Amino acid sequence: MPRFLHTADWQIGRQYSRFSAEDAPILAEARLLGIERIAALATELAVDAVLVAGDVFDAQTVSERTLRRLFNALSGYAGPWLLLPGNHDAALAESVWTRATRLGLLADNVHLLLQPGVTELPAAGLAILAAPLTQRHTHSDLTAWFDQAETTAGLLRIGLAHGSVQGILAEDLDSANPIAADRASRARLDYLALGDWHGYKCIDPRTWYSGTHEPERFRNNQAGWLLDVSIAAPGAVPAVEPRRIGRYDWQLWQVGLQVETDLEQLIERLQALPADTVLSLQLHGQIDLAAEQRLQQALNQVAARLRSLECEMDGLQLLPADSDLQALQVDGYLTPVVAELQRRQQQEQDGVAREALTLLAGLLRRQQEGA
Amino acid sequence: MRITRLAVEQLRQFRQPLVLDNLQPGLNLIAGPNESGKSTLVRAIRAAFFERHQTTAVKDLQPFDDSGAAPLVEIDFEHQGRHWQLRKRFLQRKRCDLSNGHEQFTGEAADDRLAELLGYQFPARGSSKPEHWGIPGLLWVEQGEGQQLHGAVGHASEHLQQALGSHLGSLASSAGDQLLPQLQAQLAELLTATGKPRGELQRCLEQLAQEQQQLQQLDQQIDEYREQVDLLARLSRQQQQEQHEQPWRRLRIEEARARERLQQVERLQQQQQTDQQRLEDCKARLALLLQQQQQQQRDQQQLLQQQQLVQRLAEDLQAVQQQVPIQQGLLESARSDWQNADALARSARLQGQREALQRELQQLQQQQQALGDRLQQAEALQQQIFALQQQLATESIEAPALQQLEQLQQQLREAEIRGAAIATRVQYRLLPGQQLQLDGEALSGEGELQLLQAARLSIEGVGELEISPGGEDLPRNAREQQQTRQRLQEALALLGVESLAQARQRHATGRDLQQELSGARRLLDNLAPQGLPALQSQLQQGQQQLDRLQQQIQALPAVAGQQLDPAQAETQLQRAADHLRLVELELNNRQQALQYLQRQRNDAEQALHSLQHQLQTEQGEQRRLAQQQQMQEQQQLLQQLQQSLQQRQLQIQAARPDILEQDIRRFASSASQLEQNWQDRREQLIRLQASLQGSAADGLEERRAELAASVDTLSRRQQQLQRRAAALGLLVELISAQRLRLTRELQAPLQRHLNHYLQLLFADAQLEVDEALMPTRLQRGREQAGFDSLSFGAREQMGLISRLAYADLLAEAGKPTLIILDDALVHSDSQRLEQMKRILFDAAQRHQILLFSCHPHNWQDMGVAPLDLPGLRAVASGAGES
């Protein structure tokens with residue numbers, strides 16, 4: 001019974017601009033390490049092939065070192081790797097693939113599917129119908145020819161393509177590189193392995209997106225998985241098992257703070273997070289100075305533990321309570337200053353008054369500590 | 001605080017003790033002229049308080065050249081309800097005592113207690129300086145220093161602030177004043193005073209700009225790389241396609257085809273050229289034949305003409321030969337005619353001569369006759385002239401002589417008139433028949449006499465009357481008349497006339513004679529212009545000529561018979577000669593023509609023979625026939641050639657060789673262009689591949705992503721910094737504003753006191769003070785002026801008002817407020833001075849004021865009697881002596 005792994009959108013060479021100089025390289029490295037895990041898993045499961053449905057590389061011009069590291073990572077699995085060019089690494093006249101070829105990086109078990117066509121792997125029982133992108137974007141369905149393609153009887157007809165299944169995926173995805181939704185049935189495919197969508201997704205029992213192997217966005221959409229596909233015989237319904245392969249968990253929290261318990265809950269949730277979390281925290285609502293100090297402390301603690309934490313507090317207003325003012329000994333002519341800053345904070349867009357309040361509180365706190 | 005008594009001794013000009021007692025709580029006016037010691041008193045008060053008694057820095061207190069003097073100052077004063085006595089001696093026997101009823105201080109303790117009481121300090125060493133003077137320094141104004149406020153206020157600032165603080169209590173923030181400089185310092189790290197980025201913000205902005213530029217460059221590189229890849233793909237595709245299709249091949253075939261067609265046309269053109277040449281040849285041959293034919297025709301005609309010529313010449317010759325004998329006969333007759341005419345002409349000429357001589361003779365005779373008549377007339381005239389001349393000489397009176405007579409006559413008459421006028425007039429009317437004798441002359445009837453001289457009137461029977469005219473002139477007049485009359489008589493006698501009338505008669509006669517004489521002379525002139533003798537000689541010559549002519553006539557031979565008119569004879573002779581010459585010429589001409597014609601006829605006959613010989617041969621005929629045949633052949637050929645040329649030309653035109661040539665060029669260049677393109681593209685592909693395979697692409701997008709990350713980070717950092725700067729700015733602004741507001745509140749009491757005095761000077765004015773309580777700005781209505789920009793006088797006034805206000809403030813806080821003014825307000829105009837007096841007087845209700853002045857009359861209206869310093873000195877010295 002043929003069994004293979006379906007993965008896609010490795011996007012090796014991806015850089016993360018939004019993270020600190022400390023976190024970004026680790027997250028980039030994680031994508032490569034993920035490949036090593038895939039190779040290990042493929043070996044462990046003794047699958048017949050690994051199908052990569054496009055966007056192996058993030059860009060055509062990745063450095064030679066990155067190129068070499070990727071192909072090195074493949075060495076952990078001796079079975080056939082079927083690599084399909086996607087929109088990021090299209091098989092152009094000069095491409096990452098021609099470079100890899102020139103550099104002699106391709107082991108015998110690595111199959112580059114640079115031309116549309118059928119690649120038959122009789123040992124694996126697979127006939128791969130590949131629809132590589134040979135331009136960055138096309139507006140025609142590159143899988144159309146699957147319908148007429150002949151394959152040796154007895155081999156599974158496996159389609160391999162990269163693009164958007166029409167009428168299924170959200171419109172904000174790139175609508176270039178369209179793929180007909182009924183391609184699998186029309187082309188009598190046993191399985192259509194797709195790439196481009198970064199979370200794993202089942203279009204129909206024979207048509208699947210595997211998603212990327214390591215998350216790289218804060219969309220909570222099942223990223224960091226691959227598909228373990230087994231098909232008993234030509235025409236049989238594939239058994240598809242999603243397997244978690246990604247290391248880091250990317251989370252986006254949008255939290256409103258109104259009452260004191262909100263902050264307590266938030267801090268608890270933060271403390272419960274595992275270390276391999278990449279968290280984007282967006283806070284809104286209001287908070288007094290004491291609570292803000294507590295929040296800051298908690299965030300500092302959690303940030304030290306998590307892979308990455310970024311916190312967006314523009315939506316959060318500082319509302320100093322009377323107790324705050326007393327504690328900070330805000331008296332004399334500072335009292336109307338604080339009142340004015342609070343008033344402005346409610347009207348402003350740019351956070352200047354909030355910043356001013358924070359600064360003032362910080363200075364007063366320090367003065368008090370000094371005193 | 002108030003000073004009640006002041007005494008000095010051995011102090012500058014006050015060598016003797018001087019005492020001012022009974023100083024009043026309010027205003028005290030201490031007056032005296034310059035050098036009377038006002039400033040010395042002020043100095044004494046200052047020394048008493050500000051200088052430690054041990055100090056050696058007060059040598060100026062000693063009287064001039066008295067270094068042994070021990071300047072002494074004694075001051076009694078009341079302060080906070082107590083009476084104090086101060087006694088301080090400097091330089092010699094230095095000592096300081098301070099006591100009130102309960103306490104006694106001596107030496108330094110006294111000095112220190114005093115400073116504490118009055119609110120000033122001593123210097124650590126050296127002489128006391130303004131910064132030590134505190135409250136007194138502010139309220140004690142030295143001569144000419146009234147406008148200087150800045151230092152004094154600063155040095156008293158602590159006391160003033162205390163006064164304000166103790167009055168209002170502290171409203172100030174415990175932290176705010178510390179915060180502001182910190183905030184400003186932090187803001188200054190990010191922004192310059194003018195709001196430009198600096199420090200980290202500036203670096204951040206610069207780096208951001210730099211990296212954004214790098215990013216842009218990288219983007220450009222990536223774009224270029226992608227474009228090159230696309231170009232590579234496109235070129236490869238094209239190259240493969242062309243490799244397969246080889247589009248230039250089709251063009252090369254087309255080119256060859258066009259070339260072939262062009263060659264065909266060129267062959268046609270060559271044929272055309274050949275035929276054209278043949279056509280030309282044919283035409284030339286035809287022309288030659290035609291020419292030959294025409295020559296033959298012309299020869300025939302010439303022969304005919306020559307025959308006619310010979311014929312005509314023979315006829316002419318014959319005619320001329322016939323005419324010659326006729327002409328000879330004519331010549332003979334003409335010659336005899338001429339001889340006859342010649343004889344006749346000679347005879348006629350002789351006759352003519354005789355007749356001419358006789359006509360001349362006749363004419364001469366007539367002239368002689370006329371001359372003789374004239375001579376007679378002339379001689380008669382000559383005699384008449386002589387007669388007239390004689391008569392004229394005897395009878396004529398000349399005009400001047402007559403004139404003289406007339407004149408004398410006139411003179412006489414005038415003398416007689418004058419005589420009558422002066423003469424004694426005697427009128428007489430005598431009875432008829434009665435007579436009188438006057439000088440023997442009888443008078444009768446009626447009349448009048450004029451007596452020019454004594455006359456004797458005799459009346460018969462009566463006697464004589466002797467009448468003597470009176471007047472002297474009468475005798476002279478009588479003399480004159482006598483003389484004139486005598487001259488007249490003489491003149492008449494000379495002229496030989498009786499009277500003037502006769503003279504006039506003779507004068508007129510003379511004139512007539514003169515006219516007659518001149519008429520006769522003119523006639524004579526006409527008849528004999530050259531005189532009579534000439535006329536006579538002329539007559540004689542005429543006679544001689546007459547004689548000669550008669551001799552000539554007799555000498556001529558006689559001619560018989562009727563004679564022709566000589567002129568007619570001459571004409572006939574001439575005509576005969578002309579005719580003879582004509583006939584001779586004619587004959588000669590005929591003979592010449594005869595010879596000429598004979599020669600011509602010979603020539604013409606010879607030519608005719610030669611022509612006949614030339615033309616009338618057999619060969620010539622044959623040649624003519626041959627030529628005719630040739631001509632027909634050539635004409636046929638010509639037609640054929642023209643036809644074929646025309647047809648071929650149509651063919652050539654239809655084929656358009658020019659367009660064919662263009663086709664060849666077009667196909668050839670297109671093909672080579674395509675080949676070149678292919679070649680170029682192949683090279684371009686090689687270059688492109690080489691360039692793309694170079695290291696340019698290596699990690700390009702990774703680098704871009706890294707840079708983008710850095711730009712993001714920097715951009716966030718820059719936003720944070722800017723927000724921080726804005727927040728700091730906002731804090732500084734708000735805190736400063738609140739602090740200013742609070743300061744205003746705190747300064748309200750001082751402001752109240754200031755306004756209190758200021759209102760007395762300007763109704764609507766306000767004097768602003770800064771944080772250090774120093775006046776900064778005077779506002780009057782809408783006008784504003786900085787304190788330092790005010791006039792000297794105004795500054796002095798504002799200075800005084802400020803000091804008084806400080807004094808009020810200090811008084812409220814229980815501080816000592818003695819005010820000393822040395823020659824104050826000397827720069828104020830009288831109006832301002834009046835207002836300032838009101839202000840001073842008002843202040844004197846609350847403070848003791850010592851006012852030193854050299855102008856006591858200026859202060860007469862202050863309600864106090866001035867203390868007269870010279871007077872006091874006199875009293876003091878008197879007291880000292882006693």
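As the structure is a computational prediction, the values presented were derived from the model and not from experiment. Throughout, protein chains are lettered first and strands after them, A, B, ... in sequence-line order, and every chain is numbered starting at 1.
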Is [Y] close to [X] at the side-chain level, that is, under 4.5 Å between some pair of heavy atoms?
{"X": "A/Thr66", "Y": "B/Glu702", "value": "yes"}
{"X": "B/Gln182", "Y": "A/Leu363", "value": "yes"}
{"X": "A/Glu94", "Y": "B/Gln689", "value": "no"}
{"X": "B/Leu707", "Y": "A/Gln15", "value": "no"}

Of the non-hydrogen atoms in B/Gln738 and A/Pro336, which two are nearest, and what is the gap between them?
OE1-CG, 3.3 Å
What parts of [range] touch chain A if we use heavy atoms and a cut-off under 4.5 Å?
{"range": "residues 723-731 of chain B", "answer": "B/Arg723, B/Arg724, B/Ala726, B/Ala727, B/Leu728, B/Leu730, B/Leu731"}
{"range": "residues 183-190 of chain B", "answer": "B/Leu183, B/Gln186"}
{"range": "residues 191-203 of chain B", "answer": "none"}

Picking from A/Arg344, A/Arg102, A/Arg99, A/Glu64, which has the most non-hydrogen pairs under 4.5 angstrom with chain B?
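If we count pairs closer than 4.5 Å to chain B, A/Arg102 comes out on top.
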Taking A/Ala93, A/Ala353, A/Pro25 one by one, which has the highest count of heavy-atom pairs under 4.5 Å against chain B?
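When all of A/Ala93, A/Ala353, A/Pro25 are compared, A/Ala93 has the most.
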Please say whether more than 12 non-hydrogen atoms of neighbouring residues, nucleotides or ligands are located less than 6.0 Å from CZ in A/Arg343.
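Enclosed.
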Greater than 12 external heavy atoms within 6.0 Å of A/Gln347's CD
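More than 12 within 6.0 Å, yes.
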With a 4.5 angstrom heavy-atom cut-off, could you sort out which part of A/Gln135 is near chain B: side chain, backbone, both or neither?
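Neither part, no heavy atoms under 4.5 Å.
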Output the distance between atom CG (B/Leu232) and atom CG (A/Leu92), rounded to the nearest 0.5 Å.
9.5 Å
How would you list, by chain and number, every residue that makes a side chain to side chain contact (heavy atoms under 4.5 Å, CB included) with B/Gln679, sequence neighbours excluded?
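Expected list: B/Arg682, B/Glu683.
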